[in-house]
Asks: 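Let me begin by handing over the structure; questions about it come next.
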Amino acid sequence: MCGIIGYVGSQEALPLVIGGLQRLEYRGYDSAGVAIINKSNQIQTRRSVGKLANLTEALAHENGTGPHGTLGMGHTRWATHGKPTEVNAHPHRGPQDKVVVVHNGIIENYLQLKKELVQQGYDYPYNSETDTEVLAHLLEKFIVLDGLSLEQAMLKTLGLIKGTAAIVALSVVEPDKIVAARLSNAGGVVIGYGPEGSGENYVASDIPAILPHTRRMTFLDSGDVASLSRTGVTFYNQQGEIINKEVLTINTDAITAAKSGYKHFMQKEIYDQPQALTDTIRGRVNLGTGRVELEDLHFTPQELAAIDKVTIVACGTSWHAGLVAKFMIEELARLPVEVDYGSEFRYRDPILTPQHLLVAITQSGETVDTLAALEEARNKGARIVSVVNVVGSQASRISDGVIYMQAGPEIGVASTKAFTSSLADLALLAVYLGQAKGTLQPERAASLLQALIEIPKHVDDLLADDKIYYQIARAKSHAQDFLYLGRGVNYPVALEGALKLKELSYIHAEGYPAGEMKHGPIALIDEGLPVVVIATQDKVYSKVVSAIEQVKARDGWVLALATEGDDSLAGKADEVIYLPATDPLLTPILAAIPMQLLAYHIATRRGCDVDQPRNLAKSVTVE
Ligand code: G6P
């Protein structure tokens, strides 16, 4: 959700903080702010409403007379409590100007905490409507009145708050330190170490923010506090004891996160897909043995044999990937599969046993609802596998096994390459489970794996010609609604197509199983409603064609996604996009590409910000 960056060292902090915020802006862009401690040990803050560009513009007008110093932090906000205004922008100050704080998450008991502070005589007015500001008051009280150090004050604060929090604070009382903390699964906190002997240390919400500066990083767990200075980083557990934490070396390449000549990150990420899919599949398919090798799944054959049910939890686009996986796993491994939203799962006391496999799909590995579901599964003894893109993310660290997407950093808020890479991962998992369960015939496994290996090339071919999307965008970008239809394994792709369009272009769109159209959406059909139908060659093909006929009979406009070589649809639909023939279980990977391009071109034609659609955030670390 919100993005946080902090730096202590010998260089000017402001450009480093702004650079970090640029890489974090996908997490939220309602406002941005910085706090820098200057040579006279004063905290200088600057905040602006809206995108980071507004803040950088305001700073540019100061012509270098703005904040200077070698220790500072920044924040980019996705509003939860209080409107996106300057007073609600972070950093928030303590009432006596001794402390500033930035925060990602939600302090559920902030009203109660405010009341308690007043009862204790710390009765100062609040400037904002945020839950965060109470943190500044608490920290300042503990430092100024109780004489605690910034670390002790942070530990005490962590003990009082309920909810989810990644917090970073500075204080004029100890101007050489940055103190960071993490509470609950929400809001990752990563510490980065500058070159040996440089005295530089970083703190951030996630890896890409500091990747240009360091690859050596440590992740905070819930309850941890980190104190960063020019002499090093000290970690504390919830009891205030100094602890050692592992230093990991991260391999992700920062260069892959740049736009590389594309107009938008989303566009680049759509065109990254052949490579992302190749990287995701590479090394995991052994055509010699006909088997799938998943390096980070460490289940014994006995454990695999004992699995009797699969539950998939995810949110947003990842949930759509989960719906596709249901078809894959049920068909290949003959295991019953349930798919649920992370946000719904834990509130219905789900039935889970140690024989259940819980699969969490989350490209960020930080979506709080999915993490909560994962925790619920752990408490109930289920085995957990997460399908994750971000190495070292929370989901990857708390699962029994991980299947990485290998999609590289995805910056565009609407997921594209992470979606198709997760589908490739889930196909691999389905084959893996089918082989472990003995339900998958070697010939079927071999043909599916061969088809999977050919998928990146097919995606490449599909991306080679985008003329049709310009034409359709020109003709249909003024439509008020769109309907997307698919059946079987392609029904979730219809949902994903509708989601992509609505989140990017703000056109209302609905995804529906084609067979259900006659039970309601058919009432909407007229010449003004574009209908996108996935009508590829599979066992429900003729039924989907009937749905196309029904739309045409009511003067609807149809774009059909058909299998190459199927000439019959050209006479029925108004436009046809041809997908290369593949195994029906893998069609969703191919069908997703036109969905992405269609949404991208319609949204850009409407002048929408495709990389940062309004109100959205890339990783949602609040409930
Ligand atoms: C947000 C993003 C979506 C994403 C969803 C789940 O809503 O805007 O693109 O699909 O979160 O994210 P995850 O990281 O868990 O896959």
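As the structure lists them, so they are numbered: ligands from 1, and atoms in each ligand from 1. The basis for the numbers below is simple: all heavy atoms, side chains too, and nothing from hydrogens, waters or symmetry mates.
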Asks: Cut-off 3.5 Å, side chains only: do Glu375 and Asn379 have a donor facing an acceptor?
Replies: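 Absent: no donor and acceptor within the cut-off.
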Asks: Going by atom types alone, do Gln596 and Glu269 pair a side-chain donor with an acceptor below 3.5 Å?
Replies: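 No, Glu269 and Gln596 have no side-chain donor paired with an acceptor closer than 3.5 Å.
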Asks: Just checking, any donor-acceptor pair under 3.5 angstrom between side chains of Asp481 and His508?
Replies: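 There is such a pair (donor and acceptor under 3.5 Å, judged by atom type) between the side chains of Asp481 and His508.
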Asks: Contacts table for ligand 1: protein N or O within a distance under 3.5 Å of ligand N or O, distances only.
Replies:
unit_1   : atom_1 : unit_2 : atom_2 : d
ligand 1 : 8 (O)  : Ala617 : O      : 2.9
ligand 1 : 9 (O)  : Val413 : O      : 3.2
ligand 1 : 10 (O) : Thr317 : N      : 3.0
ligand 1 : 12 (O) : Thr367 : OG1    : 3.3
ligand 1 : 14 (O) : Thr362 : OG1    : 3.4
ligand 1 : 14 (O) : Gln363 : N      : 3.4
ligand 1 : 14 (O) : Gln363 : NE2    : 3.2
ligand 1 : 14 (O) : Ser364 : N      : 2.8
ligand 1 : 14 (O) : Ser364 : OG     : 2.6
ligand 1 : 14 (O) : Thr367 : OG1    : 3.4
ligand 1 : 15 (O) : Thr362 : OG1    : 2.7
ligand 1 : 15 (O) : Thr367 : OG1    : 2.5
ligand 1 : 16 (O) : Ser318 : OG     : 2.6
ligand 1 : 16 (O) : Gln363 : N      : 2.8

Asks: What residue among Leu24, Val101, Ile4 forms side-chain contact (heavy atoms from CB on, under 4.5 Å) with His75?
Replies: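 The residue from Leu24, Val101, Ile4 that satisfies side-chain contact (heavy atoms from CB on, under 4.5 Å) with His75 turns out to be Ile4.
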Asks: Can you see which heavy atom on Leu220 is nearest to which on Ala226, and at what distance?
Replies: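 Taking every non-hydrogen atom into account, CD2-CB, 4.0 Å.
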Asks: Could you tell me whether Arg614 sits above the aromatic face of Tyr506, with NZ or CZ closer than 6.0 angstrom to the six-membered ring centre and within 45 degrees of the axis?
Replies: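 Yes, cation above the ring, under 6.0 Å and within 45°.
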